[in-house]
There are 2 protein chains.
Amino acid sequence: MDRVRIFSDYLERKGLKTTNQRNVILKAFLNSRSHCSTEDLYLKLRKKHPRIGYATVHRTLKLLAESGIAIEQHFGDGQARFEPARADGHHDHMVCIKCGLIIEFEEPQIEELQKQVAEVHHFKISNHRHELYGFCFRCADK
Amino acid sequence: MDRVRIFSDYLERKGLKTTNQRNVILKAFLNSRSHCSTEDLYLKLRKKHPRIGYATVHRTLKLLAESGIAIEQHFGDGQARFEPARADGHHDHMVCIKCGLIIEFEEPQIEELQKQVAEVHHFKISNHRHELYGFCFRCADK
DNA sequence: TTAGATATTGAAACTGGTTTTCAATATCTT
DNA sequence: AAGATATTGAAAACCAGTTTCAATATCTAA
């Protein structure tokens, strides 16, 4: 089922309304490069849809995150970033502290270990964040 | 070497000055429960030292983090928290999203695996964050 | 020990991302 | 098509954090 439909269904379940702005923002989000901030998306949309406000973009991104279509990330620069959730599951991030490059990684063994650690503490994980900060191959050389 | 001395040395190396406020804040920080925010520490200090300002507390916590005495944490509630660095090395956190309980954990195998993942991507880790969000044993029951 | 140079302090103003407000507008239900 | 309800955009509010600035404290060198 495509994500436009998933979103409409989510809105309906919540007693919210499907609007033109929400659809436009959803589509722009899905087409955007990953890890875009509200600002990024707002500026991008502005070209074709100058009447859509920043607040609406941000509210819609929050809704997308709630509905599971988007994942909200915080990489420590004080600005939320959103990326489309993937069918192929969870991944984590390496963030270059020099150039800002974001590399995604997936490591099932780590996931398994953290599950075990949680069990030891009788802790029920609902989500997690695992981020490596440092220098990407390009920036490490210098 | 005790941490008051470590801090003085750090300040001197940086051409900064050892002041009464900085020492008072350092001591209060070391005696505080872990993971306190600037606000927490400011309010606590206020009782005995009502003339110390919020800005000074925050500036000093930043200096403590720079000097390696404190570790700055961000658990997604939009407020930085600081904890005394431990001699026994690094640890990560589980955060209860209901009651706020913070459990520390340490898992060398995860550290090793993340090192390997970074190598694959020619990424040089300078630090990382690994946080599990969910329900602690007490909150999971309900 | 003291004078001069420099850093620190506290209060208040400012920042920047985010969130809320509110009157006008759009959507949905019947 | 009308009434009820949610959404919109602009602007204001919010909030942790940071900066400003004049007064004060610390440090250095004589």
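As a basis for the values below, the full set of heavy atoms in this structure was taken, side chains included, without hydrogen atoms, waters or symmetry mates. Throughout, a chain's letter reflects where its sequence line sits, starting with A, and its residues are numbered from 1.
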Exercise for the section: Measure centre to centre between the rings of B/H93 and B/F75, then say whether the value is under 6.0 Å. Expected result: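 Judged by ring-centre distance (under 6.0 Å), B/H93 and B/F75 do meet the cut-off.
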Practice task
Under 4.0 Å between any heavy atoms, over every strand shown, what does B/S37 touch: base, sugar-phosphate, or nothing? Just pick one.
Solution key: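 No contact.
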Using atom [atom1] of [X] as one end and atom [atom2] of [N] as the other, report the distance to the nearest whole Å.
| X | N | atom1 | atom2 | value |
| --- | --- | --- | --- | --- |
| A/Y42 | C/dG16 | OH | P | 17 Å |
| A/I25 | D/dT7 | CD1 | C1' | 11 Å |
| A/R51 | C/dA24 | CZ | P | 15 Å |
| B/L16 | C/dT9 | CG | C1' | 14 Å |
| A/H49 | D/dG9 | NE2 | P | 11 Å |
| B/I52 | C/dA11 | CD1 | P | 11 Å |
| A/N23 | C/dA26 | CG | C1' | 14 Å |
| B/R22 | D/dT26 | CZ | C1' | 10 Å |

Problem - Closest-nucleotide ordering on DNA chain D, the 5'-leading residue of B/N20 and B/D77 - result: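 The residue mapped nearer the 5' terminus is B/D77.
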Practice task
On DNA chain D, check which nucleotide each of B/T18 and B/E39 is closest to and give me the residue with the more 5' one.
Solution key: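 Counting from the 5' end, the first nearest nucleotide belongs to B/E39.
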Distance test, side-chain N/O of [X] to OP1/OP2 of [N], below 4.0 Å:
| X | N | value |
| --- | --- | --- |
| A/H58 | C/dG17 | no |
| B/Q21 | D/dA25 | no |
| A/T19 | D/dT7 | no |
| B/Y54 | C/dA11 | no |

Problem - No-H, no-angle donor-acceptor pair, B/R59 side chain to D/dG17 base, under 3.5 Å - result: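 Such a pair does not exist between side chain and base.
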Problem - Nucleotide of C/dT19, C/dT9, D/dG9 approaching A/K62 most closely (side-chain heavy atoms) - result: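 Comparing C/dT19, C/dT9, D/dG9 against the side chain of A/K62, the answer is C/dT19.
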Exercise for the section: Determine whether more than 12 heavy atoms belonging to other residues, nucleotides or ligands lie under 6.0 Å from atom CD of B/E12. Expected result: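 Incorrect, the count does not exceed 12.
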Exercise for the section: Using the side chain to side chain contact (heavy atoms under 4.5 Å, CB included) rule, pick out the option among B/L63, B/T19, B/V57 that qualifies with B/I25. Expected result: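 It is B/V57, the one option of B/L63, B/T19, B/V57 that forms the side chain to side chain contact (heavy atoms under 4.5 Å, CB included) with B/I25.
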Problem - Electrostatic pair A/E131:A/R129 at N-O distance under 4.0 angstrom - result: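 Looking at A/R129 together with A/E131, the answer is yes, because their closest N to O distance falls below 4.0 Å.
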Problem - Electrostatic pair B/E106:B/R86 at N-O distance under 4.0 angstrom - result: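 Judged by the 4.0 Å cut-off on N to carboxylate O distance, B/E106 and B/R86 do not form a salt bridge.
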Handout entry: First of B/A55 and B/K17 reached from the 5' end of DNA chain C, by closest nucleotide
Key =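 Counting from the 5' end, the first nearest nucleotide belongs to B/K17.
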